[in-house]
2 protein chains.
Amino acid sequence: MKKPKENNGNVTLKEVAAVLGVSTMTVSRAINDKPNVDALTKKKILDTAKKMGYTPNLVAKSLVSSKTYTIGVVIPEISHSFFPEVVKGIQEEANKKNYQIFLTNTSDDFETEKKVIDALRAKRVDGILVSSSQTKEDVGYYQKIIASGLPLVFFDRCFENIGASCIGVNDFSASQQITEHLINRGYKRIGYLSGPRKVSIGKERFGGYVAAMNQHGLEIDDRWVIENGFNEAGGYHAMGKLLTLPEKARPNAVAAVNDPVAFGAMDAIREAGLKVPDDIAIVGFTNDIRAGLVASPLTTVHQPAYEVGKKAASKLIKTIEDRTERVENVQLITKLIIRKSCGS
Amino acid sequence: MKKPKENNGNVTLKEVAAVLGVSTMTVSRAINDKPNVDALTKKKILDTAKKMGYTPNLVAKSLVSSKTYTIGVVIPEISHSFFPEVVKGIQEEANKKNYQIFLTNTSDDFETEKKVIDALRAKRVDGILVSSSQTKEDVGYYQKIIASGLPLVFFDRCFENIGASCIGVNDFSASQQITEHLINRGYKRIGYLSGPRKVSIGKERFGGYVAAMNQHGLEIDDRWVIENGFNEAGGYHAMGKLLTLPEKARPNAVAAVNDPVAFGAMDAIREAGLKVPDDIAIVGFTNDIRAGLVASPLTTVHQPAYEVGKKAASKLIKTIEDRTERVENVQLITKLIIRKSCGS
DNA sequence: CTTCGCTATGTTAGCGATAACATATCGTTC
DNA sequence: GAACGATATGTTATCGCTAACATAGCGAAG
C-alpha cells in the first residue's frame, strides 16, 4: 500500500509545494533562483526540496522552452582512433556550456545515418554535429535538414556551399604535401589507396595526390588507384589488388587515404613477403595513435582531432544560441609527421 | 510575415489535424498505428503528415509516458582504447532496441561523475551504465541512486553487493594468472604499478598480483608497489620512482595495472637507458590496440571490450523493461596474450 | 424496428514545468 | 490615513502528446 502515484520515484514541484502549503510557482521561483521570493520561504523550500530528493524534470522544462540542452553527434566509426579524440573535444566543450551529447555511430552507412538523425530530431536536440558517410552525392537530405532550421555543423567531412559550417583541415593541400614528400624522396611510381570518393575527404585527399603528381609531371597509371573502405580491411584489400600487378608494373610507393588503410596495406605487404619502405614505401593520413609504433613507423599527416571536436562543438553552440552566427569553413592546421615508412 | 507561431519550424499533431479537419487524437492514433482508424482516414493523415514534414515530438511523449528511450553512459576516459570499443558495443545493442545514448566522460574524477549523473537524472534517462572512478570508498552515493529506483548497471569497474548488476572480467584471477606467467618465466623480484585502489579494478588486480606472489612464496618489497593514475603519465611516474631505487634493490620485472600504464613505464625505462625485457620485463592488462605494436610487444590480458559493452547495455535494457530482472555479476572470459615484453 | 455492440471519432484532463497575469500585503509618502 | 509602489505569492493557460472516457453511426440479431 504505497502512494498510488508512482512516477518512477521522482518528486515533483507540486509535491514539494503541497508539503509546504505554497503554490508550485513559488517553489519553481525559489528553485530557479528567480527574484521575488522571501528569503525565509526560499530557504524552507530549498531545504524540503533537498530532503525530499527533488530533481528537476528537464523533460517537462524542455517541452515548455523548446530547448533541450542536448546535441546529437553523428560519427562514422568510433573505433577509428581519430574519433574518440574528437568526441573528447566535443564533450568537454559541450559540458562547459551545459549541453549533453547523444552519441551515434553510423558504421559509415548513409541509411543508418539518416535514421539516427531522424531519431535525434524526434528527441528535439538543439543541434547536430555530423561527420557524414556521404558528402558528395546525395546533398538533398542535408539541404532539407538545414532548410528546416535545425542547427548543424559538419566536422572532418564537409559538404561545400550547403549553408552549414564545417570544421576540418585542408585535406587537399595536406594530401598534396605528403605526396610531394614522397616525390622529393625520389619516388616516381606512386599509387593511391583511396577511400570512397563520395565523401569529401575521399575526394579531396585523392585530388591532392593527383595535383602533386601532375605538378611534377608524373604519370598516374589507372591501375595504381584503388578505391575501398576507410578502414584496415579496406587498405588490406586495396593493397592486395595492387600486389597482383607484375612487379615492374607496380608502384614502389603508395599514399593511403588514412592511417588505418595504411596499416591494412602494411599487413598485405608483409604477408606478400615484402618490406616497407624498401620494397614499397607508404604514407598515411590522420596520425593514428598507432602510427609511430608499427614495425615501420608511418609517415603521416597529423590532424588536430581534439581541436576539431572542440571547435565544432563551440561553433554549433554559438549557432544554436545566436541564429545569426555566420556560416564558416574552418580549416585547422595539419602537420606533416615524418617517420620511416617513406624511406629514410 | 510568416506564421506567428514559430516553434523551431516543427509541425505538431494539432497542425496536421487542423489541415484535415479531424481531431488530434485521430491523427495520433493514425501515426502510432493504433487500432480503430478508418483505412482511408489513416492514409490521408499519413500523407499530409509526411507532406507537412511532421516529426513526432518525443519530448512531449516522454513527459506523458515517463519514458525517454535514452540511457546515460558514464565512462572515465574515452581516449583509453578499451572504452571506444565498449561504447561501440553499447551503441549497437542500444540502437537495436531503439534507445539513444548520452555519452559522458568523467576524466576519472568522482566529483565530475556525480555531477554528470545528476544531469542525466534530470534529463530522465531510463537507466545508466557506469564505469565509476570510485568503487571502493564512497558507496553511499550509488546506494542512494540504486535505492531511488533508477536502473543502473556497472561495467568494467564494479561495486560489490550494492544491488546493481555488473559486467566485467575476473580481474583478480586474470591478474594472478599473468603474474604467475612472469613467475614461471623465472622472475622472482616482481614489482607492481598500481592504479588507484579505491577503484575495484585497482584493488582486484593488485590482489591477484599479491596472491600469485604469496602462493609462490615470493617476497613483495614495499618499495616495489607504486600507486598512480590509470594512464600513460601514471605509469611513467610510477616507473620513474621505481628506477630511483639502486639497481640491486629494484625489481627486474613489473606487472602494470593496465596497458597505458605499461606504455608509460616503458617510456621511463627507455629513457633510463634500459631495455625491455632484458633489464626489466613488463606485463600489462587490457590488450590495448597498441599492445602488439610497441618496440617490445606487450604481454597482456585481453579483455572483450565490445562484448562488455553489448552485454552491459543488454542487461540494463532488460532491467529497465522488466524491473524484476535479477541482479547479476557477469564475468566475461579473458585471455592471456603472450608477446615479448615478458622475455621470450 | 428496436436494441445491442462494434468501429470510428471526439472531448477532457493531465504529464511537470513556466510565462503572464492577478492579487495580497506592507511600508512610504504627502 | 489614503494612495501608491514594491515585494511576495497565487491562478491560469500552455508546451505536444496520449489515456480514458464519451459519443455517434451503422450493421446484426431478435
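Worth saying up front: this structure is predicted, and the values here are computed from it rather than measured. Numbered from 1 within each chain, the chains take letters A, B, ... in sequence-line order.
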| Base, sugar-phosphate, or nothing for A:Ser62, non-hydrogen atoms under 4.0 angstrom? | nothing

| In terms of the angle between their ring planes, are B:His80 and B:Phe83 parallel, tilted or perpendicular, with boundaries placed at 30° and 60°? | perpendicular

| Given atom NZ of B:Lys123 and atom P of C:dA17, what is their separation to the nearest angstrom? | 16 Å

| query | Could A:Lys310 and A:Glu307 be called an ion pair, given the rule that one side-chain N must be under 4.0 Å from one carboxylate O? | reply | no

| Between P of C:dT11 and CG of B:Leu13, the distance in whole Å | 15 Å

| request: For C:dA8, take OP1 and OP2 only and decide whether either is under 4.0 Å from a side-chain N or O of B:Asn36. | output: yes

| query | Is any side-chain N or O of B:Ser28 closer than 4.0 Å to OP1 or OP2 of D:dT18? | reply | yes

| remark: Picking from C:dG16, C:dT11, D:dC17, the nucleotide nearest the side-chain atoms of A:Asn57 would be C:dG16

| request: Would you mind reading off the distance between A:Arg29 atom CZ and C:dC21 atom C1', rounded to a whole angstrom? | output: 11 Å

| query | Bend across the helix from C:dC1-D:dG30 to C:dC30-D:dG1, to 10°, with axes taken over 5 pairs at each end? | reply | 60°

| request: Before accepting this row, confirm whether a basic side-chain N of the pair B:Glu92/B:Lys96 lies closer than 4.0 Å to the acidic partner's carboxylate O. | output: no

| query | Could you state the CG-C1' distance from A:Leu20 to D:dG10, rounded to the nearest angstrom? | reply | 15 Å

| request: Would you check, one step at a time, whether the test side-chain contact (heavy atoms from CB on, under 4.5 Å) holds for B:Ser148 with B:Arg121? | output: CA-CA 11 Å; B:Ser148 82; B:Arg121 299 207 84 180; 2.7 Å; yes

| Whichever of B:Thr26 and B:Leu63 has its nearest DNA chain C nucleotide further upstream toward 5' | B:Thr26

| query | Could you state the CZ-C1' distance from B:Arg124 to C:dG16, rounded to the nearest angstrom? | reply | 9 Å

| Nucleotide C:dG14, atom C1' - distance to CD of A:Glu15 in whole Å | 14 Å

| query | In terms of side-chain geometry, is the basic nitrogen of A:Lys114 or A:Asp118 positioned less than 4.0 Å from the acidic oxygen of its partner? | reply | no

| task | Please determine if a side-chain N or O atom of B:Asn32 lies less than 4.0 Å away from the OP1 or OP2 oxygen of D:dT18. | result | yes

| remark: Heavy-atom nearest nucleotide on DNA chain C taken for B:Ala39 and for B:Val64; more 5' hit belongs to B:Ala39

| 5'-most by nearest nucleotide on DNA chain D - B:Ala60 or B:Lys34 | B:Ala60

| request: May I ask you to decide if the ring planes of A:Tyr142 and A:Phe154 are parallel, tilted or perpendicular, using 30° and 60° as cut-offs? | output: perpendicular

| message | Ignoring hydrogens and geometry beyond distance, is a side-chain donor-acceptor pair present between A:Lys123 and A:Thr70 at under 3.5 Å? | response | no

| Under 4.0 angstrom, heavy atoms only, what part of the nucleic acid is B:Val22 near: base, sugar-phosphate, or nothing? | sugar-phosphate

| Rounding to a whole Å, what distance do you find between A:Ile31:CD1 and C:dT18:P? | 8 Å

| Does a side-chain N or O from B:Thr24 land closer than 4.0 Å to OP1 or OP2 of D:dG16, or not? | no

| said: With a 4.0 Å limit, can you tell me whether A:Lys67 has a side-chain N or O closer than that to the phosphate oxygens OP1/OP2 of D:dC15? | reply: no

| What does B:Val37 touch in the nucleic acid at a heavy-atom separation under 4.0 angstrom: a base, only the sugar-phosphate, or nothing? | sugar-phosphate

| field | C:dT18 OP1/OP2 closer than 4.0 Å to side-chain N/O of A:Lys61 | value | yes

| Ion pair check, B:Lys42 and B:Asp33, cut-off under 4.0 Å | yes

| task | Would you mind reading off the distance between B:Met25 atom CE and D:dT23 atom P, rounded to a whole angstrom? | result | 17 Å

| Within the pair A:Lys42 and D:dA8, is there a side-chain N or O less than 4.0 Å away from OP1 or OP2? | no

| request: State whether A:Glu77 and B:Lys88 are salt-bridged, where the test is any N-O pair (Lys NZ or Arg NE/NH1/NH2 against Asp/Glu carboxylate O) under 4.0 Å. | output: yes

| request: Give one of base, sugar-phosphate or nothing for B:Asp38, where a contact means two heavy atoms less than 4.0 Å apart. | output: sugar-phosphate

| query | For B:Thr12 and D:dG16, is the shortest distance between a side-chain N/O and OP1 or OP2 below 4.0 Å? | reply | no

